[in-house]
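Nothing here was measured: the structure is a model prediction, and the numbers come from that model. Sequential numbering from 1 along the given sequence is applied to the chain's residues.
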Amino acid sequence: MAATDAETIDRPLIDADVLQRRRYQLELAETAMDNHTLVCLPTGLGKTTVSLLVTAQRLHEVGGTALLLAPTKPLVSQHAEFYREALTVPDEEIVVFTGEVRPDDRAELFEDAQVVIATPQVVENDLVGNRISLSEVTHVTFDECHRATGDYAYTYIAERYHEQAEQPLATGMSASPGDDEESILTVCKNLGIREVAVMTDEDADVAEYTHRTDVDWKRVELPETVIEIRDAIQEVIKERLTELKELGVTNKTQPDMSERDIHEIQGKLQELMNNDQSEGYQGMSLLAEVRKLRTAVTYAETQSVESLRRYFERQRNAARASGSSKASQRLVSEPKIRDAMRKAEDFEDLHPKFRQTRMLLAETLGIENGERVIVFTESRDTAETLTDFLAGHFETEKFVGQSDTDGSDGMTQTEQQETLDRFRAGEFEVLVSTSVAEEGLDVPEVDLVLFYEPVPTAIRSIQRKGRTGRQTEGRVVVLIAEDTRDEAYFWKARQDEKRMYEELEALKSMQGEIEAELSQASVSEFETGADDRRESAENASGEAARVEDDRRESAENASGKAASGADDRRESAENAIGEAGRVEDDRRESDAERASSDSGDASPDIEASNGDGQTGDDSEGEGQTGLDAFADPTESGDGASTDTESPDPSGSSSETDADPEDTVAEAGADTDEKSVEVVVDQRELDSTIARDLSKREGIETRLETLEVGDYVVSDRVVVERKTVSDFLDTLTGGDRSLFEQVKDAARYYDRPVVLIEGSGLYGERNVHPNAIRGALASLAVDFGASVVRTDDEDDTAAMLEVLATREQEESDRTVSAHGEKAAKTLAEQQEYVVASIADVGPVTAQSLLSAFGSVESVLTADKETLQEAEGVGEVTAERIREVVASEYAP
């Protein structure tokens, strides 16, 4: 907005009436113009203005394109609005990239734009798909750059930027770059940053624009009934931990043990499972139950009894579902937990935090004549129940993320923006928000920021507090339930925040030392991986493909009756994703909701594959067919293959048989003849494989929505990738989708390949080896697919490179992605309908249809009659009747 009451900035490409001249912003921009810089500035003091100043100067002096990355769609929209107002660049040359913009449109827009403002997932996808190049980008800004850790898209984009850009300049922006010096340096190294420019509200130039923020901590006592509920749950936790102690994986049985202790237990149990010891599977089931119970304790102590009731209801539904885990079944059948559930159902009082919240809002908005309040909570459940409660006293609305959760709809980007606009306009007084409003969004100045519970990280605490104290004195209140984990989180965040400010101050006084340390990991590091990747590919070609040859074994158990492994698999997965002490919905809000909605082209309906990442069993590679089995023996490219594994008995190639109308993607026709292309299915972007391939010299990746397969490396070879866990699901979970996928692949490709990734195929689950061998034999004999083993995602990328190179360079084949999924038969459609009822699953659906003869008969059968079908018990019958007969109540 126009800065009419103070001196403004008048520079090339900047509207002379918009930006207020602030000395600290100009100093930070000057520093950022000279080097790749991390800019640290308190929330609300104009980090985006600093970036805009650098962008304007670079475009004026160097030209090219500027790229601004922000982690969420609302933040991207906010930045675009600011840039269009503050820059004299034509509005149509400041473009916005999110997943809602078609990929082909993005490629064209990128060519013509001066400023591109985008979510990182979209840019990552476009780089992987070779739709755009960063060679002409002269300035890139990473907003909320503290996210640049691990596999987050910022890290990949920074690597590609420093590789491609002819005149690169990178700027990272954050109010809270990390909890300690090590994490701050990690962010800098991942972004190729060499200098840190820090200003805090203690600096004279900054202090003039900030106001004091008072922080109060309000402690509340839990009602006796809530304590009884919590103690009952903790007693069961202690019993389960005692059982784990007897298994020799822990010496502790305290219900409030740390999350580090939980991870140690999990590690020891995983070792037992890797050795195929039954104690490992038994312990994982117990640990899964412990995690669920600890989550219930968190709801009872720190959220509300209503949130706990909702959680218990989800657990009951999970236990009723077909194929539910033993942990879920034990939890809801445990007498002490059932008693706790009854007490929660009968509890009609309010959680004391609700009362305290109402009192604080009445004080701020009534007595003190305040205008706006933000209430932050970790839980989507609590956000909804608190909004309903406060709406009876104040004008209140919720603000949550975009993803839907069990029993709760997310908000669209438009709904989020409209809510913030109405909050700014004063149309309501109270905004109850999950963590989605913590980062960067232009949430208006408020009179009170209320933490419904403490947050355990300094970064999030600082982000929340930054919503007040910008224009006038602000107030922050943190609610703490006494003698609960609230207190532990409170002290941790407080200590981390203090340490982070100390680290930032230390960084200010250690500029020279920091630059020296960062120079050791200079941008040249981004260019050193090519030789290693080439060597990896050479090693992969030496080992070639470990094609499964176990088809000599009996296939009679191909469908597998090893259901006993299903519970272990589910419970192992629950432990892997569990984070005790944090409410399930909080994790979705704090990370997934702020990023998953911006996943670009990736399908939101596909869950991420679980890469194993462990070293494979080399013994399974002995005597296997080499990779040359995939090459055309004549090397003429005419498709006259004599390979006996061809799924087409005639041996003819797909070049002559493929129907042109079935082609849905054609790639590589105009590429350099030295470039090898791999077509990647959009849904495979959840793994690192496509990113890895895109960085390999001589490999070009292209993203398509493939109807068949996960990777296409030629006109005759399609690869269906499965982790070991995915593959074993086929045997233990009744999921036959793998065989349907391979059948579709065999219809359109001469050489379908099933790639099984990870170790422990014969030891990860309690599945009989012959069941596994039978499935492998079925893939090879019944479907004509070659089965290839890889150790992990890196090995998979290397294998795909070798496959593509041999097909395209040695056999002179082109890349063609074609085919479509086979239409379901009537029987398959009937099974699908019944299987979807109450999650009974495909096996039970087949049993019901065999017993009753039609879908109609299944749906009209009573409870007792349903139980006459094999495999249908009382719980499943009750659930079917409940779903079929209950009145629809959205």
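For Ala86, the side chain to side chain contact (heavy atoms under 4.5 Å, CB included) partners at least two apart in sequence or on another chain are Val18, Leu19, Leu52, Phe82. Under the side chain to side chain contact (heavy atoms under 4.5 Å, CB included) criterion, Glu27 pairs with Arg23, Met199, Asp205, not counting sequence neighbours. For the side chain to side chain contact (heavy atoms under 4.5 Å, CB included) test, residues two or more places apart in sequence or in another chain that qualify with Thr688 are Asp151, Arg691, Glu793. In this view, Ser51 and Tyr83, Thr141 satisfy the side-chain hydrogen bond (donor to acceptor under 3.5 Å, both in side chains) rule, not counting sequence neighbours. Considering only residues two or more places apart in sequence or on other chains, Thr55 meets the side-chain hydrogen bond (donor to acceptor under 3.5 Å, both in side chains) condition with His139. With sequence neighbours excluded, the residues satisfying side chain to side chain contact (heavy atoms under 4.5 Å, CB included) with Thr31 are Thr37, Glu195, Ala197.
Using modelled atom types and a 3.5 Å distance limit, the side chains of Thr790 and Thr796 yield a donor-acceptor pair.
Residues Arg702 and Asn130 have side chains not in contact (no heavy-atom distance under 4.5 Å, counting atoms from C-beta outward). Arg22 has its side chain out of reach of Leu26: every pair of non-hydrogen atoms, C-beta onward, lies at least 4.5 Å apart. Ser183 is not listed as a side-chain neighbour of Val187, based on a closest heavy-atom distance of 4.5 Å or more. Looking at Thr65 and Gln114, their side chains never come closer than 4.5 Å, going by heavy atoms from C-beta outward. Side-chain contact check for Met173 versus Phe142: every heavy-atom pair is 4.5 Å or farther apart.
Exactly one residue among Val101, Val96, Val123 makes a side chain to side chain contact (heavy atoms under 4.5 Å, CB included) with Arg106. That residue is Val101.
Remark: Leu134 CG to Glu166 CD distance equals 11.5 Å, nearest 0.5 Å. A distance of 5.0 Å separates CE in Met33 from CD in Glu61, rounded to the nearest 0.5 Å.
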Going through the checks in order, is the salt bridge (Lys or Arg N to Asp or Glu O under 4.0 Å) test met by Glu163 and Arg160?
CA-CA 5 Å; Glu163 286 176 351; Arg160 297 299 301 276; 3.7 Å; yes

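Relative ring orientation between Phe97 and Phe110 is described as tilted, the plane-to-plane angle lying within the 30° to 60° band.
Smallest separation of non-hydrogen atoms from Thr119 and Lys73: CG2-N, 4.0 Å. Minimum interatomic distance between Tyr24 and Leu41 (heavy atoms only, all atoms of both residues): CE1-CD2, 3.7 Å.
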